[in-house]
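Before any comments, here is the structure.
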Amino acid sequence: MVVRCADALMKSGITQSLSAVGIIDGDFHSDSYRESCSSAIHLLPFHEVESLFCLPNVVSAIAKYKGKIFEESNYKMNF
């Protein structure tokens, strides 16, 4: 669905000053599928889009926005 929407927006001409980009979960897509996606599609390097909320840079930006202190060394777990 995301692939078709991004493709339709790019081909429609209604987004003359914008670039349509689709973001989809990495899931378990094959290398051939990943390589076949247009430049308008960004496949995430992880399985679920919700994982974006776990990335230290995202957590740090949210903490800063909320006026909270974010200590990355305490956030990351050492295994």
Side-chain angles (χ1 to χ4, degrees):
M1 182 64 87
V2 171
V3 174
R4 289 187 299 184
C5 288
D7 188 49
L9 282 171
M10 288 180 58
K11 290 179 180 176
S12 70
I14 62 171
T15 57
Q16 294 175 5
S17 61
L18 302 172
S19 296
V21 177
I23 299 173
I24 59 176
D25 296 341
D27 292 327
F28 294 100
H29 299 299
S30 66
D31 289 339
S32 60
Y33 176 80
R34 290 174 177 274
E35 292 168 6
S36 71
C37 287
S38 76
S39 60
I41 301 300
H42 177 74
L43 278 97
L44 296 173
F46 32 77
H47 297 289
E48 304 296 331
V49 70
E50 291 83 1
S51 297
L52 283 171
F53 296 113
C54 298
L55 296 174
N57 289 342
V58 174
V59 175
S60 176
I62 294 169
K64 182 177 179 181
Y65 174 78
K66 299 294 285 177
K68 305 290 182 180
I69 296 171
F70 173 71
E71 295 181 23
E72 187 172 340
S73 61
N74 291 336
Y75 180 73
K76 291 183 176 181
M77 298 180 69
N78 296 315
F79 291 97

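Bear in mind the structure is a predicted one, so any value in this text is a computation, not a measurement.
Between Ala6 and Ala40 the shortest heavy-atom distance is CB-O, 4.3 Å.
Checked against ring pair (Phe, Tyr, Trp, His ring centres under 6.0 Å), His42 has no partners two or more places apart in sequence or in another chain. Partners of Phe28 by ring pair (Phe, Tyr, Trp, His ring centres under 6.0 Å), not counting sequence neighbours, listed by chain and number: His47. Contacts of Phe70 classified as ring pair (Phe, Tyr, Trp, His ring centres under 6.0 Å), with partners at least two apart in sequence or in another chain: Tyr75.
Interatomic distance, CG of Leu43 versus CG of Asp27, reported as 8.5 Å (0.5 Å rounding). Glu72 CD to Asn57 CG: the interatomic distance, rounded to the nearest 0.5 Å, is 6.5 Å. The distance from the OG atom of Ser36 to the NE2 atom of His29 is 10.0 Å, given to the nearest 0.5 Å.
Residues Pro56 and Val59 are not in side-chain contact: their nearest non-hydrogen atoms beyond the backbone lie 4.5 Å or more apart.
Leu44 and Val2 fall into different hydrophobic clusters, where Ile, Leu, Val, Met, Phe, Trp and Tyr side chains are chained together by heavy-atom contacts under 4.5 Å.
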